Amino acid sequence: MNEFLTAKNNAVFGQSPTTNRKVMVEYSSPNTNKPLHLGHVRNILLGHSISEILKACGNEVIKSTLVNDRGIHICKSMLAWQKFGNGETPARSGLKGDHLVGKYYVEFDKAYKAEIKNLVAIENISEEDAAKKSLLMKEAQQMLLDWEAGKLDVIELWKMMNGWVYDGFDASYKMLGVTFDKTYYESNTYLLGKTAVEEGLQQGVFEKEIDNSVWVDLTADGLDRKVLQRKDGTSVYITQDIGTAQLKYDDYKMDESIYVVGNEQDYHFKVLQLILKKLGKPYADGIYHMSYGMVELPNGKMKSREGTVVDADDLMGEMIASAKSTTEELGKVEGLSEVEKEKLFYTIGMGALKYFLLKVDPKKKMLFNPAESIDFHGHTGPFIQYTHARICSILRKNTITRQSLEDSLKGYALHPLEKKLIQEIYLFPIKILEAGKEHNPSVVANYAFNLAKEFNHFYAELSVLKSDNEKEIQFRLHLVEMVATVIKKSMLLLGIDVPEKM
RNA sequence: GGUUCCGUAGCUCAGUUGGAUAGAGCAUCAGCCUUCUAAGCUGGGGGUCUUUGGUUCGAAUCCAAACGGAAUCACCA
């Protein structure tokens with residue numbers, strides 16, 4: 001009871017005092033050759049949510065993303081566009097920029113496969129040999145070399161097409177309601193890490209082979225030997241990551257650096273952290289790989305090249321459309337302006353999608369069945385949103401003059417259902433801290449569901465406004481108001497908005 | 001083959017610092033709208049927590065093995 005009083009009077013209930021810790025969260029980190037898909041959406045929502053949760057735990061949070069804007073993949077799109085694009089632009093075709101570039105990535109793959117098939121048939125060679133002879137691939141590789149050499153026309157083309165992609169991504173991010181404080185571009189960072197290679201060689205942590213390639217031996221730690229620099233002196237993925245880790249630390253001197261990256265890279269991050277430790281980097285221990293499971297479809301994994309991906313923009317559009325039809329069927333749109341309606345459909349549709357992806361433990365792989373659209377009933381975002389709207393409705397309909405909670409409490413005997421609600425509310429800050437510690441937003445998601453469920457139970461059994469006992473009304477108004485506040489705050493930690501009417 | 005992760009109801013998931021009859025949602029069956037929004041509520045049926053062994057007063061939870069599934073072990077990123 002006293003806890004409830006302090007909680008209710010605390011405007012920032014749930015927010016922990018500052019820890020003076022600085023945390024960087026890197027998430028999304030897309031390639032610029034294709035649009036975002038459902039897997040990215042899970043990544044992005046996890047990154048956004050854990051950032052909000054860590055803020056609530058009292059940390060200073062820097063949200064960052066590392067755009068993979070260079071490499072052979074983008075060259076493939078560029079080349080295909082040059083060859084088959086006929087000057088198509090997003091403005092002219094009306095196609096979203098990232099989708100347009102993705103289209104040519106697929107075009108490249110088609111043409112490449114056709115070429116291979118042809119070579120195999122005509123020259124009677126193996127697919128492997130055909131791949132080596134592929135002119136298309138050679139052209140793409142040449143384009144990458146030209147890019148690295150700074151050849152003007154290639155750079156111009158690269159800038160233009162990446163620009164299209166960024167416009168597309170910006171629209172998707174806006175739809176998802178996420179932002180970044182800092183964007184790193186791989187085109188600026190891919191050469192970093194060379195100094196780290198020198199450092200490692202000097203310290204004797206790395207070793208150089210006769211062919212000039214540089215390696216690190218991790219067999220003593222139960223891992224393998226790993227190449228860090230090719231014999232031609234160019235760096236590999238992990239080397240770039242070593243350099244980028246240093247850059248991030250130089251920029252922000254953060255205590256913890258979280259990488260929201262799929263669990264297929266578990267090994268990579270183990271190696272990265274170990275190498276940084278061996279190099280004696282002070283920030284090595286602060287690196288945390290927030291590893292999450294893949295989103296699978298009923299017939300297996302999503303593969304961009306095979307077209308078995310669930311496109312992020314399509315999915316968001318479908319969710320909003322089905323929120324619209326469901327809401328209209330229920331006849332809940334009367335009295336709303338067009339603008340309010342659109343906002344409501346958006347809030348509900350995105351709420352359903354976001355909750356669906358965040359309610360499961362990030363570590364676990366999850367199943368998405370496109371045939372069964374995401375539900376709006378039961379353990380879902382809209383259920384929790386609906387609970388909030390119900391409480392708002394009660395508060396709107398109230399006509400009596402409100403008393404302070406202190407006054408309403410005097411001599412008031414709690415009903416068991418009221419007690420349970422208070423107990424549930426009391427858990428809120430504890431759950432946030434747990435979610436932050438475990439790097440697990442689903443803790444908050446499940447908490448919000450339990451609270452909403454508990455409230456609906458209360459709502460079915462007891463009445464707030466229909467009572468002869470004014471003291472009871474006074475107290476229950478405070479109680480349900482607090483439930484609404486906590487639901488709203490919980491959902492905001494997940495990046496989900498809650499409507500006042502639905 | 002090595003390493004890592006996973007296996008709980010028909011389906012999707014909670015629960016795992018060891019503790020009482022293992023919980024939700026979906027689906028299914030039976031009820032509840034003249035009463036603060038039925039996107040809701042109540043109840044029924046549905047589980048040898050993959051299997052076997054061990055530790056323990058006590059195991060879904062800890063240990064070992066087996067079986068089943070996934071990821072990874074690239075001079076790709």
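All values derive from a computational prediction rather than experimental measurement. Chain A is the first sequence line, chain B the second, and so forth, proteins listed ahead of strands; every chain is numbered from 1.
- What separates NZ of A/K226 from P of B/rU72 is a distance of 12 Å, to the nearest Å.
- At whole-Å resolution of the value, CZ in A/F356 and C1' in B/rC26 are 12 Å apart.
- Using atom C1' as the reference point in both B/rC5 and B/rG18, the two lie 23 Å apart (nearest Å).
- At the heavy-atom level, A/Y237 lies under 4.0 Å from base atoms of the strands shown.
- In the model, A/Y292 has no side-chain atom that pairs as donor or acceptor with a side-chain atom of A/N263 under 3.5 Å.
- Put simply, CG on A/D69 is 14 Å from P on B/rA77, counting in whole angstrom units.
- The nucleotide whose nearest atom lies closest to any side-chain atom of A/Q240 is, among B/rA77, B/rC75, B/rC13, B/rA77.
- Using atom P as the reference point in both B/rA24 and B/rA74, the two lie 47 Å apart (nearest Å).
- Residues passing the side chain to side chain donor-acceptor pair (under 3.5 Å) test with A/R225 are A/E207, A/E209, sequence neighbours excluded.
- A/Q385 comes within contact range of no nucleotide atom at all, as no heavy-atom separation falls under 4.0 Å.
- Summary of the strand contacts: A/G222 and A/N263 both lie near RNA chain B, and taking for each the nucleotide with the nearest heavy atom, the more 5' one is attributed to A/G222.
- Residues A/Y173 and A/S28 have side chains that bring a donor and an acceptor to within less than 3.5 angstrom of each other.
- By the 30° and 60° cut-offs, the orientation of the rings of A/Y259 relative to A/F269 is tilted.
- Distance check on atom C1': B/rG1 versus B/rG10 gives 37 Å, rounded to whole Å.
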In B/S/- notation (B base, S sugar-phosphate only, - none; protein heavy atoms under 4.0 Å), nucleotides 33-46 of chain B written 5' to 3' is --SBBSBSSS----
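- B/rC73 has its base anti relative to the sugar, with a glycosidic angle deviating from 0 by more than 90°.
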Give me, pair by pair, the N or O atoms of the protein and of nucleotides 14-17 of chain B that are less than 3.5 Å apart, along with how far apart they are.
unit_1: B/rA14; atom_1: OP1; unit_2: A/D361; atom_2: N; d: 2.7
unit_1: B/rA14; atom_1: OP2; unit_2: A/K364; atom_2: NZ; d: 3.0

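- Taking atom C1' on both nucleotides, B/rU21 is separated from B/rG7 by 25 Å, rounded to a whole Å.
- When the shell of 6.0 Å around NZ of A/K501 is examined, it contains 12 or fewer heavy atoms from other residues, nucleotides or ligands.
- Checked by distance alone, A/D211 brings a side-chain donor or acceptor within 3.5 Å of a matching partner on the base of B/rC75.
- No side-chain N or O of A/E454 forms a donor-acceptor pair with one of A/Y459 less than 3.5 Å apart.
- Put simply, OH on A/Y190 is 16 Å from C1' on B/rC76, counting in whole angstrom units.
- Residue-environment remark: NZ (A/K420) stays at or below the threshold of 12 foreign heavy atoms within 6.0 Å.
- One interatomic measurement links the two molecules: CD of A/E296 to C1' of B/rU12, which rounds to 14 Å at whole-angstrom precision.
- B/rC26 sits 29 Å from B/rC36 when the C1' atoms are compared, rounded to a whole Å.
- Between the side chain of A/T326 and the main chain of A/S322, a donor-acceptor pair closer than 3.5 Å is present.
- In this structure, the side chain to side chain donor-acceptor pair (under 3.5 Å) partners of A/E199, at least two apart in sequence or on a different chain, are A/K281.
- With sequence neighbours left out, A/D69 forms a side-chain contact (heavy atoms from CB on, under 4.5 Å) with A/T32, A/V67, A/W158, A/N162, A/Y166, A/Y185, A/E186, A/S187.
- Across the P atoms, B/rU61 and B/rU48 are found 16 Å apart, a figure rounded to whole Å.
- A/D266 comes within 4.0 angstrom of nothing in the nucleic acid, heavy atoms only.
- Taking atom NZ of A/K34 as the reference point, atom P of B/rA77 lies 14 Å away to the nearest angstrom.
- A side-chain N or O of A/D129 and one of A/S126 form a donor-acceptor pair less than 3.5 Å apart.
- Look at OH on A/Y267: it is 8 Å from P on B/rC73, rounded to the nearest Å.
- The aromatic rings of A/F4 and A/F475 sit perpendicular to each other, their planes meeting at more than 60°, with 30° as the lower class boundary.
- If you take atom P in B/rG53 and the same atom in B/rG40, they sit 44 Å apart, rounded to whole Å.
- Nucleotides B/rU52 and B/rG68, compared at atom C1', are 15 Å apart to the nearest Å.
- Counting only Watson-Crick and G-U wobble pairs whose two distances sit under 3.5 Å, RNA chain B takes part in these stems of three or more pairs: B:1-7 with B:67-73, B:10-13 with B:23-26, B:28-32 with B:40-44, B:50-54 with B:62-66.
- One atom, CD of A/E186, and another, P of B/rA77, lie 8 Å apart when rounded to the nearest Å.
- The shortest distance between the side-chain N/O atoms of A/R230 and the OP1/OP2 oxygens of B/rC76 is below 4.0 Å.
- Counting non-hydrogen atoms of other residues, nucleotides and ligands closer than 6.0 Å to NZ of A/K419 gives a total of 12 or fewer.
- Between B/rC13, B/rG69, B/rC75, one nucleotide has an atom nearer to the side chain of A/K365 than all others, and that is B/rG69.
- Between A/N456 and A/T387, the side chains place a donor N or O and an acceptor N or O closer than 3.5 Å (distance only, hydrogens not considered).
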